[in-house]
Amino acid sequence: MGKPLTELENCVLAVIGRDGPCTRYHVMRTFESSPTSRWSSTAGSIYPLLARLEARGLVASSAAAGGRGNAFVVSAAGRAAIARWVSDAPAGLAAPTED
């Protein structure tokens, strides 16, 4: 399978799986609008990351409607990677926290 995906790569893959097909810009805007500042949402981080995911066969792209860049969708291998990531999450990861 190769090198394990980073948390950011897994998150981007999950965003595309949830929202796809979507453009690089959509992915970037999703992270920009997130209340967490944990990850960078710049074009300099998202665009190469999507190229890596595509090179690994986890996403596929085609011309976006309106000719504005590429639209990405998650492949079968990408869906399997998302399922592994979610199933490997530590217990209590999404548990409520104390205020």
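Remember, predicted model here, so these are calculated numbers, not experimental data.
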After noting the C-alpha distance and the side-chain angles of Leu13 and Val59, does the key distance pass the side chain to side chain contact (heavy atoms under 4.5 Å, CB included) rule? CA-CA 8 Å; Leu13 194 57; Val59 297; 3.6 Å; yes
Start with the C-alpha gap between Trp85 and Cys11, add the side-chain angles, then the distance that decides, and say whether side chain to side chain contact (heavy atoms under 4.5 Å, CB included) holds. CA-CA 9 Å; Trp85 178 54; Cys11 285; 3.7 Å; yes
Give the intermediate values and the outcome of side chain to side chain contact (heavy atoms under 4.5 Å, CB included) for residues Phe31 and Val12. CA-CA 9 Å; Phe31 282 90; Val12 168; 3.7 Å; yes
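Residues forming a side chain to side chain contact (heavy atoms under 4.5 Å, CB included) with Ala80 (at least two apart in sequence, or on another chain): Arg84. In this structure Arg52 satisfies the salt bridge (charged side-chain N to carboxylate O under 4.0 Å, His left out) test together with Glu9, sequence neighbours excluded. Among residues two or more places apart in sequence or in another chain, the side chain to side chain contact (heavy atoms under 4.5 Å, CB included) test is passed with Ala60 by Val73. Residues satisfying the side-chain hydrogen bond (donor to acceptor under 3.5 Å, both in side chains) test with Ser61, not counting sequence neighbours, are Glu54.
Side chain of Thr23 to main chain of Ala71: no donor-acceptor pair is present (N/O by atom type, distance under 3.5 Å, no hydrogens or angles).
Contact between Val27 and Cys22 at its shortest, heavy atoms only, is CG2-SG, 4.0 Å. Closest approach of Gly17 to Val74, counting heavy atoms only: N-CG2, 3.3 Å. Ala81 and Leu58 get closest at one heavy-atom pair: CB-CD2, 4.3 Å. The shortest heavy-atom contact between Tyr25 and Tyr47 is N-OH, 4.3 Å.
Leu50 contributes atom CG, which lies 5.0 Å from atom CD1 of Ile16 (distance to the nearest 0.5 angstrom).
Sequence neighbours left out, not one pair with a member in residues 13-28 passes salt bridge (Lys or Arg N to Asp or Glu O under 4.0 Å).
Arg56 places a side-chain heavy atom less than 4.5 Å from the side chain of Leu5.
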